[in-house]
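Below is one structure, written out as structure tokens; comments come after it.
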Number of protein chains: 2
Amino acid sequence: MSTPATRRSSIGDVARLAGVSVGTVSNVLNRPDRVAESTRERVLEAIRRLAFVPNASARQLRAGTITTVGAIVLDIRNPFFTEVARGIEDRLAAADHTLMLASSDDDREREARYLRLFEEHGVSGLLVVPTGDDLGPLLGLAARGVHTVLLDRPSPTDALSSVAVDDVAGGLQAGEHLLGLGHRSILMLNGPHAIRPCRDRLTGLRRAVERRGLDPDAVVREVPVPTLDAGGAAAAFAPLLEGDRVPTAVFCVNDLVAIGVQREIRRRRPDLIGSIAIVGYDDIEIAAELATPLTSVRQPAHALGYRAAEILLARAAADAPVAEHQVFQPELVVRSSSVPA
Amino acid sequence: MSTPATRRSSIGDVARLAGVSVGTVSNVLNRPDRVAESTRERVLEAIRRLAFVPNASARQLRAGTITTVGAIVLDIRNPFFTEVARGIEDRLAAADHTLMLASSDDDREREARYLRLFEEHGVSGLLVVPTGDDLGPLLGLAARGVHTVLLDRPSPTDALSSVAVDDVAGGLQAGEHLLGLGHRSILMLNGPHAIRPCRDRLTGLRRAVERRGLDPDAVVREVPVPTLDAGGAAAAFAPLLEGDRVPTAVFCVNDLVAIGVQREIRRRRPDLIGSIAIVGYDDIEIAAELATPLTSVRQPAHALGYRAAEILLARAAADAPVAEHQVFQPELVVRSSSVPA
DNA sequence: CCGCCGTCATGAACCGTTTCAGCACGCTTG
DNA sequence: CAAGCGTGCTGAAACGGTTCATGACGGCGG
């Protein structure tokens with residue numbers, strides 16, 4: 001209103017108004033105990049009067065330190081990832097750090113752009129769900145001294161810490177469940193194999209089949225989903241409802257995909273509702289509230305993020321080059337969507 | 001791997017390796033056409049060899065410019081807000097800007113922390129869903145020259161631009177729909193009145209009642225929800241299922257609340273499934289996929305974010321002090337959850 | 001051959017902080 | 001009274017870039 005949009009006031013303005021040197025103002029800000037009470041009061045008053053806000057760039061340039069952490073997830077719209085982000089944020093807040101969140105959309109270029117942005121800004125660490133298998137860029141970052149933790153991926157190297165969930169085990173549980181229900185033909189709606197969990201969940205599923213002494217190639221059919229959300233899944237699943245070999249059991253690589261499948265069945269073949277077994281993955285909050293409550297493999301999303309942040313903070317604090325790796329175990333939650341054969 | 005975690009290389013290192021001055025390196029980076037081809041090649045090669053990444057703090061300190069925008073939403077887990085964030089990001093990406101996203105959890109302190117963080121970092125603009133009615137902090141920011149756009153709130157002043165949805169109209173539509181179905185007693189599960197949309201949606205509901213010539217105080221009962229998510233709603237709604245005056249029509253301030261209500265009915269009073277009319281708000285994607293598909297007031301979430309970002313970019317570019325205000329209209333989407341009286 | 005001009009590159013000032021050596025001052029101690 | 005010490009403050013260097021006035025150099029027209 002009153003103040004015209006003018007230059008931000010600097011520590012120098014404050015010093016002038018308070019009649020002290022800039023060094024003293026800086027001390028008031030950072031080590032108040034070193035400044036005499038009366039001086040401190042005067043400086044604080046000046047700060048208030050000028051509505052002074054320190055310039056983070058200048059501070060960081062000189063001091064080098066920063067309390068911001070960057071995270072890149074595949075898709076911010078997937079509740080699984082927002083829950084992971086929550087876990088990260090909760091841990092960071094406890095250490096007075098802040099999170100800057102970005103979503104790569106599973107797009108290498110977007111990922112690269114954000115990686116660069118974060119590196120240029122000198123974040124004190126990075127938590128990344130990588131888009132593909134090529135960890136080159138991340139290894140480069142790590143080599144340049146940026147602490148990095150892989151999210152939702154096991155790390156193949158000690159150059160990178162990692163926090164993951166055992167996806168093979170998850171696929172195995174889903175497979176055993178469906179086989180136990182009598183299914184001998186299982187469709188897996190899967191994402192690109194460049195995404196490691198997609199591969200692993202399929203591997204787990206096939207392993208379950210093998211353990212029953214069956215032939216995975218005969219039992220499991222894989223169909224790719226263009227994008228890992230409900231819309232993409234619906235598009236990929238629709239043609240399968242037309243033919244004469246309509247699937248009887250579907251294992252979906254995540255819950256959004258499962259929701260897309262359910263939607264498509266309801267739209268195109270309402271007669272089949274309740275006769276196709278569906279198992280999802282993630283156990284997002286609304287899985288239990290769906291038209292057909294979804295059987296799903298639960299992942300400890302919050303813990304995943306929390307722990308990743310913790311590892312990052314520990315590494316940054318110690319500046320120790322020891323990588324930490326943690327693997328959580330998933331847990332099958334059975335609801336009514338997985339019907340017997 | 002090979003490189004030990006050493007100091008980031010600087011423009012000076014590049015200059016030395018390429019045998020030029022730092023000014024030339026800077027020119028290669030920012031105005032390549034002013035540098036002779038051969039020199040440019042040599043510098044680029046040096047940059048590659050050193051894996052040089054410019055220091056954003058230094059650049060920003062001197063140049064003042066920045067292409068990062070901050071956004072603060074109430075709850076990152078609410079699909080409505082992630083969709084808004086998507087809209088923002090899509091518009092920003094087109095202008096080569098990047099988004100830094102934060103969630104205030106409807107907590108003034110968290111909001112203040114992020115506001116300060118963003119201001120210290122000198123973001124080129126801010127998009128905020130404010131936690132309360134006190135716009136003081138935001139007006140302060142605006143006065144200090146930070147371009148600010150209110151998200152999902154009409155601005156009471158020209159100091160702040162704004163993009164909003166007409167919540168009174170939304171409440172009105174929901175009310176008319178329920179009244180049209182014959183309901184004469186409507187429960188509204190509402191959030192704190194400090195949140196403007198909560199007030200406005202209630203106002204709209206009451207207005208619908210008045211238009212029918214009925215007494216809002218007799219027809220509408222308001223029950224507060226502690227937190228605006230499914231869990232909070234379930235907790236608030238549970239006791240209402242115990243008494244003898246079980247509600248027959250519920251208007252929920254958002255879809256997550258509606259999901260909580262549905263969940264609680266299913267758990268505690270499955271006999272009442274299908275006999276309590278429920279209307280939600282936002283029309284999030286899974287509203288249509290729920291056990292009882294949800295009637296909801298749709299908001300143009302993506303457009304909201306997109307437009308807000310657009311206004312911000314325009315203001316920052318022109319540095320014009322003219323505030324822009326835009327109000328979108330909501331639209332009722334009827335599904336099966338809103339049963340007749 | 002001289003003067004002029006355009007092309008490229010240089011070097012230093014500057015952005016707003018933090019940090020640190022050093023100074024002023026007053027008090028204690030021997 | 002000299003020496004020593006602790007307290008509280010100052011002033012300047014440094015961080016890593018951008019920007020701009022300046023200058024070197026070669027070519028060209030007269």
Side-chain angles (χ1 to χ4, degrees), chain A residues 6-44 46-47 50-68 116-117 119-124 144-145, chain B residues 6-44 46-47 50-68 116-117 119-124 144-145:
Chain A
T6 165
R7 189 179 56 85
R8 271 166 81 165
S9 48
S10 77
I11 213 177
D13 301 330
V14 174
R16 207 167 312 119
L17 182 58
V20 297
S21 75
V22 295
T24 301
V25 176
S26 176
N27 278 334
V28 169
L29 258 27
N30 303 304
R31 300 109 107 189
D33 48 304
R34 307 232 173 135
V35 180
E37 164 116 27
S38 65
T39 316
R40 202 188 322 142
E41 298 278 287
R42 216 160 7 111
V43 171
L44 289 175
I47 288 177
L50 294 174
F52 165 73
V53 176
N55 181 320
S57 298
R59 175 199 300 256
Q60 194 187 333
L61 176 58
R62 172 62 229 223
T65 62
I66 187 179
T67 59
T68 299
R116 190 177 170 89
L117 181 80
E119 185 177 9
E120 287 185 354
H121 280 268
V123 292
S124 73
R144 269 169 265 138
Chain B
T6 164
R7 190 179 56 84
R8 270 166 80 165
S9 49
S10 77
I11 212 177
D13 301 329
V14 174
R16 206 167 314 120
L17 182 58
V20 298
S21 74
V22 295
T24 301
V25 176
S26 177
N27 278 334
V28 169
L29 258 27
N30 303 304
R31 301 112 106 188
D33 48 304
R34 307 237 173 133
V35 180
E37 164 114 28
S38 65
T39 316
R40 200 187 324 141
E41 297 278 288
R42 219 161 2 113
V43 171
L44 288 175
I47 288 177
L50 293 173
F52 166 72
V53 176
N55 181 322
S57 299
R59 174 201 302 258
Q60 192 186 335
L61 176 58
R62 172 63 229 224
T65 62
I66 187 180
T67 59
T68 300
R116 191 177 169 89
L117 181 80
E119 185 177 9
E120 288 185 354
H121 279 269
V123 292
S124 73
R144 268 170 266 138

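Letters go in sequence order (proteins before strands), and every chain restarts at 1.
- Here B:Arg116 pairs with A:Pro54, B:Glu120 under the side chain to side chain contact (heavy atoms under 4.5 Å, CB included) rule; sequence neighbours left out.
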Check: protein-nucleotides 22-26 of chain D nitrogen or oxygen pairs below 3.5 Å:
none

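- Judged as a side chain to side chain donor-acceptor pair (under 3.5 Å), and not counting sequence neighbours, A:Ser9 has no contacts.
- Checked against side chain to side chain contact (heavy atoms under 4.5 Å, CB included), A:Arg42 has the following partners two or more places apart in sequence or in another chain: A:Val20, A:Thr39.
- Residue pairs meeting the salt bridge (Lys or Arg N to Asp or Glu O under 4.0 Å) criterion with at least one partner in residues 29-40 of chain A, sequence neighbours excluded, do not occur; the list is empty.
- In this structure, A:Phe52 CZ and A:Asp13 CG are separated by 8.5 Å, a value rounded to the nearest 0.5 Å.
- Remark: C1' of C:dG6 and CZ of B:Arg34 are 14 Å apart, rounded to the nearest angstrom.
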Worksheet item: If the sugar-phosphate is the primed atoms plus P, OP1 and OP2 and the base is the rest, what is the B/S/- string for nucleotides 14-25 of chain C, using protein heavy atoms under 4.0 Å?
Response: BBBBBB------
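- In this structure, CD of B:Glu41 is placed 16 Å from C1' of C:dC8, rounded to the nearest angstrom.
- With sequence neighbours excluded, the residues that form a side chain to side chain contact (heavy atoms under 4.5 Å, CB included) with A:Leu17 are A:Ala46, A:Arg49, A:Leu50.
- A search for side chain to side chain donor-acceptor pair (under 3.5 Å) contacts involving B:Ser21 returns B:Thr24, not counting sequence neighbours.
- The backbone N or O of A:Ala58 sits nowhere less than 3.5 Å from a side-chain atom of B:Gln60 that would complete a donor-acceptor pair.
- Over its length, the helix from C:dC1-D:dG30 to C:dG30-D:dC1 turns its helix axis by 50°, as judged from the five terminal pairs at each end, rounded to 10°.
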Discussion item. Let's go through B:Asn27 and B:Val43 carefully: what are the C-alpha distance in whole Å and the side-chain angles of both, what is the deciding distance for side-chain contact (heavy atoms from CB on, under 4.5 Å) to 0.1 Å, and is it a yes or a no?
Written reply: CA-CA 10 Å; B:Asn27 278 334; B:Val43 171; over 6 Å; no
Practice prompt. Could you go through the side-chain contact (heavy atoms from CB on, under 4.5 Å) check for B:Glu119 and B:Arg144 one step at a time?
Written response: CA-CA 10 Å; B:Glu119 185 177 9; B:Arg144 268 170 266 138; 2.7 Å; yes
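- In this structure, the CD atom of B:Glu37 is 11 Å from the P atom of C:dC8, given to the nearest Å.
- Distance B:Arg16 CZ to C:dG11 P: 13 Å, rounded to the nearest Å.
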